[in-house]
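To keep things clear, I will list the structure first and then write my remarks on it.
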Number of protein chains: 2
Amino acid sequence: MDNKFPTPCLGESCGECGFRSTLFDCLSSDQLIMLSKGKDLIKASKGDIIIKQGDKVKDFIFLRVGLAKLTRVSSDGKEQLVGIARPKDFIGLLSLFSSPVHQYSIIAIEDSECCIVEFELINKLVLESGKLAFSLLQKISQVSDMLISNKLDIDNRQLRGRIAFILSLFSKDVYQSTKFNLPVSRKEIGELIDMRVENVVRILSEFRKDKIISIEGTTIEILQPDKLEWIKNHG
Amino acid sequence: MDNKFPTPCLGESCGECGFRSTLFDCLSSDQLIMLSKGKDLIKASKGDIIIKQGDKVKDFIFLRVGLAKLTRVSSDGKEQLVGIARPKDFIGLLSLFSSPVHQYSIIAIEDSECCIVEFELINKLVLESGKLAFSLLQKISQVSDMLISNKLDIDNRQLRGRIAFILSLFSKDVYQSTKFNLPVSRKEIGELIDMRVENVVRILSEFRKDKIISIEGTTIEILQPDKLEWIKNHG
DNA sequence: AACGCCTCTTGTTAAATATCAAGAATGATA
DNA sequence: TATCATTCTTGATATTTAACAAGAGGCGTT
């Protein structure tokens, strides 16, 4: 389940694509046709590796549907979860311009669909259109700002606060619901917020005992969002 | 010493500026003249605030000479040191496109010189020149990649490893010398690598006792770079 | 010089977190 | 179904780090 690769599927025209990023709104119809021809649509099942750290950067990848995790192997060989990518996120955006190879792996944690555009084509469009370049600058800045800011925020919380942070992230940012299926394992949560599995488990049970959340299998429901929010900010 | 503002000083033409970033190499001579007219050169003394978190983003700032620190006030009010900016770094680059206000403060930690260009002008040049946009995309990506990667690296080290990391950073990346003046206080080191002042002090003394470094006032000399490197990677 | 305000330093103690161990639950596979 | 591997869970213990306290040294101000 961990090294299957996504399978390509039929594409459609970008011109009338409802999922298309506002990023491309500035393109002319000619340019949109180029985009349509140059892109591929792929489906990735839960667990599929979409991009592998170390792969040559040759594509521009846009998550249409689903959920994916950004991971990397740190200098000392440990696996780290860097962030979660949501629909409409440009994943792999960070390495796109800074490095010839991807700095992170991107792995689907829910069944997902991605649009893939050759980097050369994007590159060409950027050189043609200052507006597109400008939008891209904004997107990239936002993504990295978010990653850095999350990291910094997590750093000055202790364990309870971090767990609250991550629960709040899934509830508010990802699923917009107080009840959701945790798409990641305890181990992965640990990697994401820098703590051991055992402590992830322990604190989740603690929250359950305190009736802040309920846990049924992989389903989590947040019973006391206010309390969770308080812990996130002060715990 | 903490809230003086930098004083402007005489500019010169960007066309023949030896400090000019390769970023602008692609500009036409007309565009370079625009740049010359639109830019300001400022000098910032040690301690001067160059940019304040929350200020409106209206300038593009390039560090010609000196050294500066990026800091921010976290959501819970604590001061955090996010990174160190070196000459040729574009500081404030991260907030430039992602937010109307600066997300970080930038404070000179050595006497510095910066070039300041109005954002509007850069904006205009980006829209005109795809090449400039492309270079900017690369720069931004590199800066954020570096910040994120440093953060992640620091996270899976313990205290000795973090101190080794920061000493190595100053020695190799900033000063290219085994002997240098620490430009930041123990407290600031603590903020940068997430530890208490007391532990910064303690571990520095420990390294001194183990003859890995020597400390004389603010001057630090790395006596056993290999050992320090080992601690950085395994400690 | 005398004062207050920092940063720096060391020792001691408390709290947070990781490690280790061992069993339960789960899920994939033959 | 039986088996193996993995994740999950809990308890006990060790280690790491933070917090507290108290003094030393430096620097600017009056």
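Because the structure is a prediction, the values reported are computed rather than measured. Lettering of chains follows the sequences in order, A, B, ..., and the numbering in each one begins at 1. Values below: all heavy atoms of this structure, side chains included; hydrogens, waters and symmetry mates excluded.
- The distance between atom CG of B/Asp155 and atom C1' of C/dT17, rounded to the nearest whole Å, is 15 Å.
- Checking B/Asp111 against B/Ser45 by side-chain atom types alone, no donor-acceptor pair falls below 3.5 Å.
- Atom CD in A/Glu79 sits about 15 Å away from atom P in D/dT6, given to the nearest Å.
- Rounded to whole Å, atom C1' of C/dA18 lies 12 Å from atom CD1 of A/Ile203.
- As rounded to whole Å, 19 Å separates atom P of C/dA16 from atom CE of B/Met195.
- For A/Ser205, taking side-chain heavy atoms from C-beta onward, the closest of the listed nucleotides C/dA18, C/dT9, D/dT10 is D/dT10.
- Ring geometry, A/Tyr175 versus A/Phe180: the interplanar angle falls under 30°, so the pair is classed parallel (tilted spans 30 to 60°).
- Relative to the side chain of B/Gln158, the nucleotides C/dA16, D/dT16, C/dA21 differ in distance, and D/dT16 lies closest.
- Shown are A/Lys151, A/Arg72, A/Arg162; of these, the salt bridge (Lys or Arg N to Asp or Glu O under 4.0 Å) with B/Asp155 is made only by A/Lys151.
- The 5' end of DNA chain C is approached more closely, in terms of each residue's nearest nucleotide, by B/Ser185 than by the other of B/Ser185 and B/Arg202.
- Contact check on A/Lys172 versus A/Glu229 returns a salt bridge, with a Lys/Arg side-chain nitrogen under 4.0 Å from an Asp/Glu carboxylate oxygen.
- Which of C/dT7, D/dT17, C/dT9 sits closest to the side chain of B/Lys187 comes down to C/dT7.
- With hydrogens and angles ignored, no donor-acceptor pair closer than 3.5 Å exists between the side chain of B/Glu198 and the base of C/dC8.
- C/dT7 atom P lies 18 Å from atom CD1 of B/Ile215, rounded to whole Å.
- Of the candidates D/dT17, D/dA19, D/dT10, D/dT17 carries the atom nearest the B/Asn199 side chain, counting heavy atoms from C-beta on.
- Distance CZ (B/Arg196) to C1' (C/dT17): 15 Å, rounded to an integer number of Å.
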